Asker: 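Got a structure for you, questions after.
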Amino acid sequence: MLEWLNTHIAYWHWLVFGLLLVTAEIFVSGFILFWFGLAALAIGIALMGIDMPFTVQLLLWALLSIGLVLFWLKAIKPKWKDRTTSGMAFEALTGQVGSVIESNSGKTRGRLRFPAPILGEDEWSFLCDTEIAVGERVRVKDISGNTLVVSPH
């Protein structure tokens with residue numbers, strides 16, 4: 001009935017399976033398949049020196065995979081520094097002071113200019129709760145899409 005569990009799986013089967021999982025991680029987000037592939041590679045390397053039944057191989061692979069994923073989620077990922085550019089605009093722009101070059105009186109938006117380009121631009125659209133005249137200085141509080149939310153300086 002369960003004769004397939006007595007199938008002989010060679011070490012290279014696990015190595016190929018592990019490499020396929022590690023390679024598949026390129027196409028899938030989440031960085032989880034990598035750990036399953038690493039566990040399969042470890043089983044393949046272990047089989048080079050130790051002979052074990054297929055059921056033991058599967059059990060060890062499952063336990064090692066779960067252990068590696070948990071280790072990743074609990075120990076490594078929280079300390080992993082986010083090196084994406086997400087949030088850089090917010091950090092670069094908040095607190096900056098610029099001069100109004102187009103007033104927002106009678107309309108929802110105005111334009112301001114910074115003394116030096118920030119993120120490649122020296123002129124930006126802005127939103128403000130109060131009307132601000134040309135020449136006044138404003139400080140960036142937040143970003144709404146590509147528009148800065150400012151307050152009088």
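All residue numbers in this chain count up from 1 along the given sequence. Computed from heavy atoms alone, side chains included, the values below leave out hydrogens, waters and symmetry copies. All values derive from a computational prediction rather than experimental measurement.
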Asker: Using every non-hydrogen atom in the two residues, find where L64 and A42 come nearest and quote the distance to one decimal.
Answerer: CD2-CB, 3.7 Å
Asker: If we ignore hydrogens and angles and just use 3.5 Å, is the side chain of N104 paired with the main-chain N or O of T130 as donor and acceptor?
Answerer: yes
Asker: Counting only heavy atoms from other residues, nucleotides and ligands, does the tally under 6.0 Å from CD of E121 exceed 12?
Answerer: no
Asker: So with a 6.0 Å cut-off around CZ of F71, is the heavy-atom count from everything else above 12?
Answerer: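 Open: at most 12 neighbouring heavy atoms sit under 6.0 Å from CZ of F71.
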Asker: CD1/I43 to CD1/I50 distance, rounded to the nearest 0.5 angstrom?
Answerer: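 If we round to the nearest 0.5 Å, I43:CD1 and I50:CD1 are 9.5 Å apart.
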Asker: Say whether L33 and V22 are linked into one hydrophobic cluster, either directly or through other cluster members, by side-chain heavy-atom distances under 4.5 angstrom.
Answerer: yes
Asker: When you group the ILVMFWY residues by side-chain heavy-atom contacts below 4.5 Å and let the links chain together, are F36 and I26 in the same group?
Answerer: no
Asker: From F31 CZ over to L73 CG, what is the distance, rounded to the nearest 0.5 angstrom?
Answerer: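 It comes to 11.0 Å.
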Asker: Test of understanding: clusters of I, L, V, M, F, W, Y form through side-chain heavy atoms closer than 4.5 Å, transitively. Do L41 and V28 belong to the same one?
Answerer: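 They do share one cluster, since a chain of ILVMFWY contacts under 4.5 Å joins L41 to V28.
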Asker: Please answer: with hydrophobic residues joined when any side-chain heavy atoms are less than 4.5 Å apart, are I101 and V140 in the same cluster?
Answerer: no
Asker: Mind listing the closest non-hydrogen atom pair of S105 and E131 along with its distance?
Answerer: CB-OE1, 3.3 Å
Asker: Does some side-chain heavy atom of H153 sit less than 4.5 Å from a side-chain heavy atom of I132?
Answerer: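 I132 vs H153: side chains apart.
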Asker: Short question: side chain of E123, backbone of R113 - any donor-acceptor pair under 3.5 Å?
Answerer: no
Asker: Taking C-beta and beyond as the side chain, do L60 and M52 meet within less than 4.5 Å on heavy atoms?
Answerer: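 They are in side-chain contact.
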Asker: Is a donor on one side and an acceptor on the other found under 3.5 Å between the side chain of Q96 and the backbone of L93?
Answerer: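 Absent.
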Asker: For K107, does the NZ atom have more than 12 heavy-atom neighbours from other residues, nucleotides or ligands under 6.0 Å away?
Answerer: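 Above 12, so yes.
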Asker: Closest approach of W14 and Q57, non-hydrogen atoms and distance?
Answerer: NE1-OE1, 2.6 Å
Asker: Kindly indicate, with the supporting measurements, whether the criterion side chain to side chain contact (heavy atoms under 4.5 Å, CB included) is fulfilled by L15 and I45.
Answerer: CA-CA 8 Å; L15 295 178; I45 291 169; 4.2 Å; yes
Asker: Show the nearest heavy-atom pair for residues L112 and G98, with the distance to one decimal.
Answerer: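 For L112 versus G98, the nearest heavy atoms are CD1-CA, 4.4 Å.
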Asker: Could you tell me whether F17 and W61 have their ring centroids closer than 6.0 angstrom?
Answerer: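 Yes, the ring of F17 comes within the 6.0 Å limit of the ring of W61, centre to centre.
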Asker: Going from CG on L68 to CD1 on I32, what distance comes out if it is rounded to the nearest 0.5 angstrom?
Answerer: 10.5 Å
Asker: Write down the atom of G95, the atom of R139, and the distance for their closest heavy-atom approach.
Answerer: O-NH1, 2.8 Å
Asker: Compare every heavy atom of G18 with every heavy atom of A40, then report the nearest pair and how far apart it is.
Answerer: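 Residues A40 and G18, closest heavy atoms: CB-CA, 3.6 Å.
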Asker: Measure the spacing between CZ of F34 and CG of L38 and express it to the nearest 0.5 Å.
Answerer: 5.0 Å
Asker: Is it true that F114 and L127 fall in one hydrophobic cluster, defined by side-chain heavy atoms closer than 4.5 Å?
Answerer: no
